[in-house]
Structures are given as C-alpha cells and as structure tokens.
Amino acid sequence: MNIPMNAFGILRFKTIAIGFSCFFASVTSCSDPVSQVDVMIIGGGASGTAAAIQAARLGVTVAVAEESTWLGGMLTGAGVSAVDGNYRMPAGIFGEFRSRLAGYYGGLDSLKTGWVSSVLFEPSVGDSIFKAMVAELPVINIMYGTRLERAVPENGGWNVTLTTDAGKSLRYHAKVLIDGTELGDVARMVGVGYDIGMESRALTGEDIAPDSAVNIIQDLTMVATLKDYGHDVTIPEPEDYDPDEFACTAVNPLCVTPEEPDRMWPADHMIRYGKLPNGKYMINWPIEGNDYYVNIIEMSREQRDSAIAEAKAHTMRYIYFLQHELGFKTLGLADDEYPTADLLPFLPYHRESRRIHGVVRFDLNHIMDPYATELPLYRTSIAVGDYPVDHHHKAYSGTEDLPNLYFHPVPSYGLPLGVMIPDSVDNMLVTEKSISVSNIANGTTRLQPVVVQIGQAAGAAAALAVLGNCDVSDVNVRDVQCVILDAGGYLLPYIDVDKDDPRFKAYQRIGASGVLRGEGRSISWSNETRLRADDRLMGPELADFVEFYEIDVPDGLPDGAVNVGTAADFIADALGKQSDEVVTEMARMGMQKNLNEIITRGEFALAVDKLLDPFSRQVTIYGKYNDWE
C-alpha cells in the first residue's frame, strides 16, 4: 500500500521489533507498570475491528479491549448476520470480509440464502473470519473478556485502565483512543457532548423531522439464531406467554385485524426472511416479532443487564410462538453458534446510541442534496451508504406521534470524516452508531457496511495521527481519503465503474474535489449515485470547474455538448498552457478523437485528474478549500 505523507509532509516510521514481547505483555511481566500502545480501541465490534485492522496495516501498534470472546459486534456477536445495503459497493475491509465469506461458502450466490439480503452467513463464521484477518497482523493485541474502567487524558494521549473478567487490572498509555462501543460509553466517560432521541425540525432543518423533539430511540432486538434439528424441539411455554403479543407476525388464524395489512406474509415465507446457510435462521423480525423497546443508554451496568434479560424473555416467547402457533417445531436455538449459556447472542442489536457532538454534524439534507448545504461535506467523505432511512419504532407505544420513517427513500451518499471527531476532546475518535449525525440520518448510517467503513476510516485517521505526531483533528483529510482509496474503499457512492476498474480512483478523486458533480437518485430499493461517466459533457456542467480554477469566461459557458477542443481549451486555461499542448497530452491518454467530437463526462474527469490533479488541493474538515473559501 502507498502510505500518503501526513499534513506536515513527514511520515515517521516506527520500529516495533525491539521489546515487542514486553510491549503487549501483562503489566506484571514488564519493568514498566504501564504498557505503551499507539492506538487503544474500546470495543471489538464492527467498527472497532475494522479500525484495528486498518491502523495496524499502516504500521502502528493497536490494542483492543472487547468484553465478549468474539469480534464483529452486530455482524456476529449480536447475530445480525444478514447485511443491509452496499451490495454494489463492497468497500474496503467490508468488501474483504464479504469476499472471505464468499470464499468460505463457495461464491457470492451461495450467500443469497434468505430474501432480506444478498449476503447472509452464520455468525460464528463471521467471527472466525474477523479473527483470521486480525491474526495476520501481529501488531494487534485483542484482549477478550476485558472492559474499560477509566480513561484520562495525559501527555498528549490517554492513560487507560482496563479490567479483565478474572479481575485483573491492566494499565496502558495510548496516543489515540477510539470509542468502538455499542452505545458510546467511552465518549460519555471522557466528557464528549452527545444527544439522545429525535431532534426537532427547527434544530436539524430536516423536512420529515417532528415539530418538537421526541425522547425516543429505536427498538433494539435480541436476535436469535435457530437451527433445523429435524425433530420436535419445542421449548416449554415461557412465563407470561400470550400469543396475542405476536398474533400478526405472519398470516395465520390468530391474526384477525393486522395493524399493517400490506406487510403480511405467509408464515413459511416470513421464516425464510433471514434464512442462513446450513439450515439456520436469523430471527430479527420487526412485525410483531422480537423487536423490543427499552432505552438502556443511560442505565447502569446492572440496570442494563436487567433490561436485556427482559428483551431475551421477549425473544424466547416469540420463539415459542413460532414453534407452537406457527408450526416450526423443528427449529430451535442453534447449539453450535454462540458459546453462551442461553445460546443467545452476546449482546442485543442496538440500532441507536448516543450521538456525539462532532466537529461536523451530518443530517438528511446532506444526503438528499450534498451540493446545496452550507458546508460541502461531500468533499471530505470517507464512507458510503445506499440503504433507505430505516427506523424501528413499532415496539414503542406512541408511534402515532412520530414521522413515518419506514424505508424513507434517499439517494446513496458519502459520509464525512468529521462525524467521528469530537468537538471538545483531543486525540479521540468515536465510531459505530455514536457518530455525529441526526437521529433521522442514523436510520441509514447505522447499517453494517457503513459502520465497518466508519471503523476503517477511524483506524486510518488514528494511524496517520500517530505517524505524523499530531492530533487526530489535525490529520490531513486527503491523506485519510488516499488510504481509503488504496484500501479499495469508496469516497463517494459512484457505481459507474467497479472499484477494480482502472478509472475508479480518478472518478472518486474528481467527485471528492467537486469539479464535476455526481447525480443521486432513489428508485424503489435502488438508491444510487453516478458520475454519469458515459454521458456527454454539457457546457453548464463546467460551472464548478470554472469556479474551482477561477477561470474567466467572458462569453459564458457553452450551451450544448462540449467537444474535445473546447474541453482542451478549458483545461489549458487552468494549466496556463496552450490548448495544443493539452490536446497532445489527451492523445497520449488514449483520447484519439477529432477535436470536434463530443467528450464524455468520464473522459473529461480522467483528463482533469491526470493533467490538473484537483484532488491534491487541501480541504478542511468542513469541506472548504484552505486557500480560497
């Protein structure tokens, strides 16, 4: 991988071989009671694992404290092993994870076992894949069964105290701290400001936000992974079981007046929603299923445990309903998935958490029209998403007061770097679902592929801060984006070309520079954005190029399609060269056209990227150019 220079033009490489055995050893085996590490990640979930992998690949040392014995969080340990979105944009580490799943099961088509997703897998397989990816990087130390007790800023970094399940205390000093927890617990501990609940329209400016703020979060789900045993495994009737609680989960004689008649499916179709390989089923069903409302975010550990126990009991009642009322008697909790006493996942699927106050805040308006907002945050994008805004509120009493956020259509979008940088705490990054977004935007940024990308970008930013000896808030945006591109990631969600296409990076750079705009749209489930590379370049579309290079156009922009000669004239003006020199350069690039032939947007993008390199102009975390905005 080509590692870019940091903001100061210096890349400091570290030698980690000397004393490495002591580096990650327990405090009792080293002369220094405090172990040193470059990046400390609390939480080995979807974001935390990706952050560790990316930071380690850039050559810095990483420690991860994970309370369970698995990696992957919601993708594995919470049992949500059906990926939502980004099927056409397998970005970065998420793309690698998907490719390894395909390799394990025998191809991408083998992952299409259920109808809710095109990528379904057994959670235990996902955990093993993440562990294999981590094992390839010896600079990562994963501490399972370990939780954070204390984090205090000191000496330009963090003093961190951890406690293992065995009661052992571990002390570290880290240069960068990453919150990879499910609920933003580290951010709260160290004093990062945050919001919980749904903001008002007046605050966010989002058309579909409620008139007044609503203190509500999305339902959580205690997912279950069932296995077909081939014989009756019906469990004893759970305490407080009432079939009316789940009556309209699918078409059946108990359902008389369904609340959502347009979303009723026969039971045998419903159960295949989350069908996994090898005769297993993900049970994560929102329609009178196992979604459960409780807001545990600000609860103590003991209170959370009690609330989660209630969510588990709800899921067990639902399983009994499936077995006893719908006839799925051969389906029972898989005994070969989670190494837990109750065979349920390690943690619930948390759809929502604290949302930090970051240096920038991303909302629905940035998604709907990234070019019309006050801050051009699309220029700083480090991750992409294409799933609708999907909020789960059916288990909450009072949904009539909420906006309709059932798969609210959006175009695909780019997510800016600044959402993970707190506005008030140094040398820290916040990932998972706790990034700086509005409540409504969280309905799409919370999905697994986006969260993995968030983690990868956090790992890149953290490593560059260490290597550049600077705060993460001072890391060069373009450097982070270069790492993402070199790692097979997306900056903007263009689907014009595959990421393995030689034109891919050029299109991404041109889009992120803002000299040629993409076009997003939502068509049913197809939320997409294109650079429209094969379309003719039209004169008015040169407006951003002209503004970027401050070109004087006394006669105005051309009205119609732009030919090769005219395009060369504009590029020549920006370069300060003669047009015939530009034409020669374009010919060397394979654009062997008559000057009067029409140039496509893609061809123009390639020429501008090669000859002018607008992406090299530095951009602030707010998306503005240092030298002229």
[X] side chain near [Y] side chain, heavy-atom distance below 4.5 Å:
X	Y	value
Y273	W265	no
L120	L111	no
I53	Q456	no

What's the separation between atom [atom1] in [X] and atom [atom2] in [Y], rounded to the nearest 0.5 Å?
X	Y	atom1	atom2	answer
L347	T340	CG	OG1	11.0 Å
L220	H314	CG	NE2	9.5 Å
E337	T225	CD	OG1	5.5 Å
L333	L226	CG	CG	6.0 Å
L491	Q453	CG	CD	10.0 Å

Quick check: does any side chain N or O of [X] sit under 3.5 Å from a backbone N or O of [Y], one acting as donor and the other as acceptor?
X	Y	answer
S117	V83	yes
S381	P416	no
T61	V37	no
T444	A441	no
H392	Y292	no
D390	G443	no
W115	H269	yes
W158	N427	yes
S353	K433	yes
S47	V451	yes

Run the ring-centre check on F97 versus F121 and record whether the distance is less than 6.0 Å. yes
Would you say the ring centers of F504 and Y490 fall short of 6.0 Å from each other? yes
Determine, stepwise, if the pair V119 / Q448 fulfils side-chain contact (heavy atoms from CB on, under 4.5 Å). CA-CA 11 Å; V119 178; Q448 306 104 313; over 6 Å; no
Between [X] and [Y] (salt bridge meaning N to carboxylate O under 4.0 Å), is one present in this structure?
X	Y	answer
D84	R446	no
E67	R304	no
D179	R354	no
R147	D185	no
D386	R88	no
E66	K131	no

Show the atom names and distances, to 0.1 Å, of all donor-acceptor pairs under 3.5 Å that link a side chain in residues 102-109 to residues at least two apart or in another chain.
{"from": "Y105", "atom 1": "OH", "to": "E122", "atom 2": "N", "distance (Å)": "3.1"}
{"from": "Y105", "atom 1": "OH", "to": "E122", "atom 2": "OE1", "distance (Å)": "2.6"}

Does H408 form a side-chain contact (heavy atoms from CB on, under 4.5 Å) with I440? I'd like the steps, not just the answer. CA-CA 10 Å; H408 181 77; I440 289 177; 6.0 Å; no
Mind checking what makes salt bridge (charged side-chain N to carboxylate O under 4.0 Å, His left out) contact with [X], not counting sequence neighbours?
X	result
R509	D609
R355	E199, E352
K499	none

Residues passing the side chain to side chain donor-acceptor pair (under 3.5 Å) test with T380, sequence neighbours excluded, are none
Looking at Y507, does the NZ or CZ of R530 lie under 6.0 angstrom from its six-membered ring centre and within 45 degrees of the ring axis? no
Between [X] and [Y], what is the shortest heavy-atom contact and its length?
X	Y	answer
G44	T49	O-OG1, 2.9 Å
I484	A457	CD1-CA, 3.9 Å
V483	A460	CG1-CB, 3.7 Å
V384	N86	O-ND2, 3.0 Å

Go through the side-chain N and O atoms of Q481 and R478 and say whether any donor and acceptor fall under 3.5 Å apart. yes
Go through the side-chain N and O atoms of D228 and T330 and say whether any donor and acceptor fall under 3.5 Å apart. yes
Run the side-chain contact (heavy atoms from CB on, under 4.5 Å) test against T164 and tell me which residues pass, sequence neighbours left out. T146, A166, K168, L170
Check against side-chain contact (heavy atoms from CB on, under 4.5 Å), I283 and T315: CA-CA 9 Å; I283 305 302; T315 290; 5.8 Å; no
Could you go step by step and tell me if N527 and S412 meet the side-chain hydrogen bond (donor to acceptor under 3.5 Å, both in side chains) rule? CA-CA 5 Å; N527 305 314; S412 54; over 6 Å; no
Determine whether more than 12 heavy atoms belonging to other residues, nucleotides or ligands lie under 6.0 Å from atom CG of D534. no
